[in-house]
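Here's the structure we're looking at; comments come further down.
Residue numbers begin at 1 in each chain, while the letters A, B, ... track the order of the sequences.
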Protein chains: 2
Amino acid sequence: MLSNSSKYALKAVLYLAVHSSMEKKILAKDISEPINVPRAYIAKILQELSRHNMVSSMRGPGGGFYLNEENKKTLLFDIINLIDGDNRLTSCVLSLHKCDNENPCPMHHLVDDTKASFVKKLKETSVEDLTSEIRSGKSFLPI
Amino acid sequence: MLSNSSKYALKAVLYLAVHSSMEKKILAKDISEPINVPRAYIAKILQELSRHNMVSSMRGPGGGFYLNEENKKTLLFDIINLIDGDNRLTSCVLSLHKCDNENPCPMHHLVDDTKASFVKKLKETSVEDLTSEIRSGKSFLPI
DNA sequence: TCCTAAATATGACTAATATCATGTTTTATA
DNA sequence: TATAAAACATGATATTAGTCATATTTAGGA
Ligand code: FES
Ligand code: FES
């Protein structure tokens, strides 16, 4: 469904959404442990996210990663697209070149609507949309 | 979503469902070309499917692969599970160890029902269920 | 201005998938 | 019974995804 890298990206961003702010920056190594992702690897992913304005960062002493208000509006879809490439979610389940109703593969009619609704949800949901649920204890960040 | 291997497996089985019978066996190399999968690779996958009674085969001259009536009842879900392992489809999108309502990850409520309905369809649909659509030209096997 | 703490950039290493190649066994037929 | 055609089994290689390591740049504080 999703690559490990994009799962890690989502976990890191959600962790920052809940625990960080401009005043409370978090070090890469302090993100890696609670979300259970290797340090150097999450650092690399955070840099990619930073380059594309999905997380904010500050170097030097007292620096770290955090989300500003704009960052929190990032859509889940955009994070996944950045890390996994833009057609992992929308491509044909049998790898036909184009997935549409004109030239449907044998599984197209079976999966098209659930695939579409999955993508739709990812396009409608921003990082901050998920944070209230985490804050109120209705869902949990993976250990 | 699915690995290449399981996509290839599905394509091969569907191709056999439409074009083969006990009387009309098909060589591995004559499957590989129309479904656009490397010869040696599809042969390997067909052997795995054969070992688990999802396709039938016969060695020697005049031999090849085909589907018997029982093979055609194989569920799409079983093919994917055989090739990809049994939790690629049902596991948590953020790789939490257990995906359930007791300990939901931040994305669980967002994706649970579409994930469940996707798996449900794969569990309800057999190979032969898809063949009539292909035969009647409502869907197409990938080139 | 110098030192240190942090992100950043880059590349090397490792593991998992995917692909290719080669030899062995089975079966039909001459 | 010899031959050839096919699946079957096994392992080697290549490619990609994931992980680790190291050097560089930036920012704050002494
Ligand atoms: S054409 Fe295959 S899923 Fe749409
Ligand atoms: S717990 Fe993550 S999808 Fe269910």
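The phosphate of dC8(D) has OP1 or OP2 within less than 4.0 Å of a side-chain N or O from Ser57(B). The side chain of Ser5(A) contributes no N or O atom lying less than 4.0 Å from OP1 or OP2 of dA17(D). Taking side-chain N and O atoms only, Ser50(A) has no distance below 4.0 Å to OP1 or OP2 of dA7(C). In terms of phosphate contacts, Tyr8(B) brings no side-chain nitrogen or oxygen within less than 4.0 Å of OP1 or OP2 of dA18(C).
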- Message: Run Tyr66(B) and Ser56(B) through side-chain contact (heavy atoms from CB on, under 4.5 Å) and show every step you take.
- Response: CA-CA 5 Å; Tyr66(B) 64 99; Ser56(B) 302; 3.5 Å; yes
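The closest side-chain heavy-atom distance from Leu96(B) to Phe140(A) is not below 4.5 Å. Counting only heavy atoms from C-beta outward, the side chains of Lys98(B) and Asn103(B) never approach each other to under 4.5 Å.
Atom CG in Leu2(A) sits roughly 11 Å away from atom P in dG18(D) (whole-Å rounding). The nearest whole Å value for the distance from the CG atom in Leu46(A) to the P atom in dA9(C) is 13 Å. For Asn53(B) and dC8(D), the CG to P distance is 11 Å, given to the nearest whole Å. One can place CG of Asn4(A) at 16 Å from C1' of dC20(D), the figure rounded to the nearest angstrom. Rounded to an integer number of Å, the gap from CD of Glu48(B) to C1' of dT17(C) is 14 Å. Atom NE2 of His52(A) is separated from atom C1' of dA7(C) by 17 Å (rounded to the nearest Å). In this structure, Arg88(B) places its CZ atom 12 Å from C1' of dA17(D), rounding to the nearest Å. The distance between atom CD1 of Ile83(B) and atom C1' of dT17(C), rounded to the nearest whole Å, is 13 Å.
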Check nucleotides 23-25 of chain D for protein N or O atoms closer than 3.5 Å to its own N or O atoms and list the pairs.
{"residue": "dT25(D)", "atom": "O2", "partner": "Arg59(A)", "partner atom": "NH1", "Å": "3.1"}

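The side chain of Leu27(B) has dA7(D) as its nearest neighbour among dA7(D), dA9(D), dA27(D). Considering only the side chain of Gln47(B), dC8(D) comes nearest among dC8(D), dT19(D), dG18(D).
Side chain of Ser20(A) to backbone of Leu67(A): a donor-acceptor contact under 3.5 angstrom is found.
Sequence order on DNA chain C of the closest nucleotides to Met58(A) and Ser6(B) puts Met58(A) first from the 5' end.
The SG atom of Cys92(A) lies 11.5 Å from the CG atom of Asn87(A); values are rounded to the nearest 0.5 Å. Rounding to the nearest 0.5 angstrom, the gap separating the CE atom in Met54(A) from the CG atom in Leu16(A) is 14.0 Å. Here CG of Leu2(A) is found 9.5 Å from CE of Met1(B). Values are rounded to the nearest 0.5 Å. Interatomic distance, NZ of Lys72(A) versus CG of Leu14(A), reported as 12.0 Å (0.5 Å rounding).
Listed in residue order, the members of residues 28-44 of chain A having a heavy atom less than 4.0 Å from DNA chain D are Pro38(A), Ala40(A), Tyr41(A), Lys44(A).
Residues Ser5(B) and Tyr41(B) bring a donor and an acceptor atom of their side chains to less than 3.5 Å of each other.
Under a hydrophobic-cluster definition in which Ile, Leu, Val, Met, Phe, Trp and Tyr are linked whenever side-chain heavy atoms come within less than 4.5 Å, directly or via other members, Ile80(B) and Val119(B) are assigned to the same cluster.
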